[in-house]
Student: 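Take this structure, written in structure tokens, and hold onto it; I'll ask about it next.
Just so it is clear, the values below take in all heavy atoms, side chains as well, and ignore hydrogens, waters and symmetry mates. Chain naming here is simple, since letters A, B, ... match the order of the sequence lines and numbering starts at 1 in each.
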There are 2 protein chains.
Amino acid sequence: MKHEDSHQHSQQDSHQHSHHNHNDCIDTALETAETLCAEQGQRLTKVRRRALELIWESHRPLGAYQLLAKLAEEGFNSAPPTVYRALDFLLSAGLIHKVESMNAYLGCAHADKAHKGYFLICDECHNVMEFDYQDIHAALIEKAAHQGFELRAETIELTGLCAKCKEKSAGANA
Amino acid sequence: MKHEDSHQHSQQDSHQHSHHNHNDCIDTALETAETLCAEQGQRLTKVRRRALELIWESHRPLGAYQLLAKLAEEGFNSAPPTVYRALDFLLSAGLIHKVESMNAYLGCAHADKAHKGYFLICDECHNVMEFDYQDIHAALIEKAAHQGFELRAETIELTGLCAKCKEKSAGANA
DNA sequence: TACAATTTTGTTATGATATAACAAGTAAAA
DNA sequence: TTTTACTTGTTATATCATAACAAAATTGTA
């Protein structure tokens, strides 16, 4: 069974933002974004670029209006279409994912790879891990095809308890 | 590879409701609901029961406000909490599923079986098939566990083109 | 450059989905 | 029958998202 890459967006378990530094991820993501947009003749404008950065800077999936507030603080227009347009752009460029069950948006860690967004979402700390699982993808395609269904997009969102929170709650019970 | 049951909720491909008769499904679902609620000491009140029926009568996942309108027509209270309370009850009893990517609700065809709702959603006709796929379920549990994650719930929503719509569009191109 | 075409952004308004909070009613248990 | 738990009514509001059209910026082209 082939192994898959995974990406933990946060290293903390409280609701506060803090010193966690994943600047490398952010830088990489932004560079990838620049490259992809350039290749495809897409314009990564100021507001789109900044929206993408802010999404990456968040340790958790970010709601549209949370993002809008951050943008507004920085002098961007504060009307909803501003943020939804940026989100639409980033989504269709494959630079972010929408977590449907949270109505929130998350930076995509492998925008260059043409993949599906599979997520593990912790009920407790609300951190989200993205994972890529080729076996499941293949099985779903096969399964759909078996019913004559041509698969185009997948929403795979798994909720439960992450390792840290499981440990913590076990500790609390002991 | 083991096979799984599936359930096609609609037999038509237009947006209109019509003579399609899945009264048997509805009757079975309602009986199951009665039984399950009785067993668990839950009260399937008038509005909850009627909400469940209306969801089943729909050929597609039903939005909360669509359902609310139908209930209101029949003399039930027309304020949003009425419908959301009924939906919450039915969801937690496992009698319906929420399709997150559509913000809509669907009768659950195997409420008695304790399963996950996996869906195939046609982009064209918006019909939804529920399917149950033990292999994928097992693989997901294993995959999550491998990262120390304890899985509690799964949202698996696959979109694309159903057999009928694929046929139709092929016909149009010929 | 000047012009047209295209894309992006600004702006106002509204639609769609969902919940908070507290009062009143109803059914079940003691 | 009184208490308790649960369910429903009611008003208000929070949250998520888009329609429609005007203005500005960018790009392509003569």
Side-chain angles (χ1 to χ4, degrees), chain A residues 33-34 37-52 54-55 58 60-93 95-106 126 155 157, chain B residues 33-34 37-52 54-55 58 60-93 95-106 126 155 157:
Chain A
E34 298 276 13
C37 289
E39 280 173 13
Q40 294 165 25
Q42 297 284 61
R43 284 149 63 184
L44 190 62
T45 61
K46 279 186 188 173
V47 65
R48 290 170 177 173
R49 197 194 144 89
R50 189 61 188 137
L52 181 57
L54 287 167
I55 288 170
S58 164
R60 267 166 270 282
L62 201 57
Y65 279 70
Q66 291 174 272
L67 175 56
L68 183 58
K70 287 174 193 278
L71 288 170
E73 275 176 19
E74 302 183 4
F76 291 98
N77 187 354
S78 67
T82 298
V83 77
Y84 282 104
R85 282 165 179 161
L87 290 170
D88 285 348
F89 175 86
L90 297 170
L91 283 168
S92 59
L95 298 171
I96 61 173
H97 293 293
K98 178 175 185 182
V99 182
E100 294 287 350
S101 58
M102 301 176 80
N103 292 318
Y105 303 84
L106 188 68
H126 304 107
T155 299
E157 301 175 5
Chain B
E34 298 276 15
C37 288
E39 280 173 10
Q40 295 164 23
Q42 298 283 60
R43 283 150 62 186
L44 191 63
T45 61
K46 277 186 191 174
V47 65
R48 291 168 177 175
R49 196 194 147 88
R50 190 61 188 138
L52 181 58
L54 287 168
I55 288 170
S58 163
R60 266 166 270 281
L62 201 57
Y65 279 72
Q66 291 175 274
L67 175 56
L68 183 58
K70 287 174 193 279
L71 288 170
E73 274 176 20
E74 301 182 6
F76 291 98
N77 186 356
S78 67
T82 298
V83 77
Y84 282 104
R85 284 165 179 159
L87 290 170
D88 286 347
F89 175 86
L90 297 171
L91 283 169
S92 59
L95 299 170
I96 61 173
H97 293 292
K98 178 174 185 182
V99 182
E100 293 288 349
S101 57
M102 300 176 79
N103 292 318
Y105 304 83
L106 188 67
H126 304 107
T155 300
E157 300 174 6

Student: Rounding to a whole Å, what distance do you find between A:Glu100:CD and D:dC16:C1'?
Tutor: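 That distance rounds to 12 Å.
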
Student: Give a yes/no answer on whether the side chain of B:Arg85 brings an N or O atom under 4.0 Å of OP1 or OP2 in D:dC6.
Tutor: no

Student: Quick one: A:Leu68 CG to D:dC16 C1', roughly how many Å, whole number?
Tutor: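 Nearest whole value for this atom pair: 12 Å.
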
Student: What closest approach, in Å, do B:Leu54 and B:Leu62 show between heavy atoms, and which atom pair accounts for it?
Tutor: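 That closest heavy-atom pairing would be O-CD2, 3.9 Å.
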
Student: Near DNA chain C, which residues from residues 75-84 of chain B have a heavy atom under 4.0 Å away?
Tutor: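 Residues of residues 75-84 of chain B under 4.0 Å from DNA chain C: B:Pro80, B:Pro81, B:Tyr84.
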
Student: Considering only heavy atoms from C-beta outward, does the side chain of A:Leu67 approach that of A:Leu87 to under 4.5 Å?
Tutor: yes

Student: Where do A:Gly63 and A:Ala104 come nearest, in terms of heavy atoms and distance?
Tutor: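 Shortest heavy-atom contact: N-CB, 4.2 Å.
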
Student: Using 0.5 Å steps for rounding, measure from the CG atom of B:Leu71 to the NZ atom of B:Lys46.
Tutor: 13.5 Å

Student: Grab the CZ-P distance between A:Arg49 and C:dT9 for me, whole Å please.
Tutor: 14 Å

Student: Look at the side-chain N and O atoms of B:Lys98 and state whether any lies under 4.0 Å from the OP1 or OP2 oxygen of C:dA18.
Tutor: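 B:Lys98 to C:dA18 OP1/OP2: side-chain N or O found under 4.0 Å.
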
Student: For A:Gln66 and A:Pro61, work out which heavy atoms get closest and say how close.
Tutor: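 Looking at all heavy atoms of both residues, the shortest contact is OE1-O, 4.5 Å.
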
Student: Over how many whole Å does the gap from B:Tyr105 atom OH to C:dA16 atom P extend?
Tutor: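 That distance rounds to 16 Å.
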
Student: Should A:Asn103 be listed as having a side-chain N or O under 4.0 Å from OP1 or OP2 of D:dT15?
Tutor: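 So the side chain of A:Asn103 is outside the cut-off, no N or O lying under 4.0 Å from OP1 or OP2 of D:dT15.
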
Student: Expressed as a whole number of angstroms, how long is the span from A:Asp88:CG to C:dT8:P?
Tutor: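 One finds 12 Å between P of C:dT8 and CG of A:Asp88, rounded.
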
Student: Do A:Glu157 side-chain atoms and A:Glu100 backbone N/O form a donor-acceptor pair below 3.5 Å?
Tutor: yes

Student: Quick check: closest heavy atoms across A:Val83 and A:Ala64, and the distance to 0.1 Å?
Tutor: CG2-O, 3.5 Å

Student: Using the C1' atoms of the five pairs at each end, what is the angle between the end axes of the helix from C:dT1-D:dA30 to C:dA30-D:dT1, to 10°?
Tutor: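 Answer rounded to 10°: the end axes differ by 30°.
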
Student: In this structure, how many angstroms lie between the P atom of C:dT9 and the CZ atom of A:Arg50, rounded?
Tutor: 16 Å

Student: Looking only at side-chain atoms of B:Tyr65, point me to the closest of C:dT8, C:dA18, D:dA17.
Tutor: C:dA18

Student: Treating primed atoms plus P, OP1 and OP2 as sugar-phosphate and everything else as base, which nucleotides of nucleotides 25-30 of chain C get B, S or - for protein heavy atoms under 4.0 Å?
Tutor: --S---

Student: By the 4.0 Å heavy-atom rule, please label B:Phe89 as base, sugar-phosphate, or nothing.
Tutor: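 The answer is nothing, as B:Phe89 stays clear of every strand by at least 4.0 Å.
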
Student: Filter on salt bridge (charged side-chain N to carboxylate O under 4.0 Å, His left out), then keep only pairs touching residues 72-88 of chain A, sequence neighbours left out; what's left?
Tutor: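 Only A:Arg50-A:Glu74 qualify under salt bridge (charged side-chain N to carboxylate O under 4.0 Å, His left out).
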
Student: For A:Tyr65, which residues count as a side-chain contact (heavy atoms from CB on, under 4.5 Å) partner, sequence neighbours excluded?
Tutor: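 Once residues adjacent in sequence are excluded, the partners of A:Tyr65 under the side-chain contact (heavy atoms from CB on, under 4.5 Å) criterion are A:Leu68, A:Pro80, A:Tyr84.
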
Student: Could you check whether B:Lys46 gets within reach of a base, just the sugar-phosphate, or nothing at all, counting any heavy atom under 4.0 Å?
Tutor: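 Answer is nothing: B:Lys46 stays at 4.0 Å or more from every strand.
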
Student: What is the distance, rounded to the nearest whole Å, between atom CD of A:Glu74 and atom C1' of C:dT9?
Tutor: 17 Å

Student: Taking side chain as C-beta onward, heavy atoms only, is B:Leu106 less than 4.5 Å from B:Arg60?
Tutor: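 No - every pair of side-chain heavy atoms lies 4.5 Å or more apart.
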
Student: For B:Thr45, enumerate each residue passing the side-chain contact (heavy atoms from CB on, under 4.5 Å) test, keeping only those at least two apart in sequence or located in another chain.
Tutor: B:Arg43, B:Val47, B:Arg48

Student: CE of A:Met102 versus C1' of C:dT17: gap in Å, rounded?
Tutor: 17 Å

Student: Report yes if some heavy atom in the side chain of A:Leu91 is under 4.5 Å from a heavy atom in the side chain of A:Tyr105; otherwise report no.
Tutor: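 Sidechains of A:Tyr105 and A:Leu91: in contact.
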
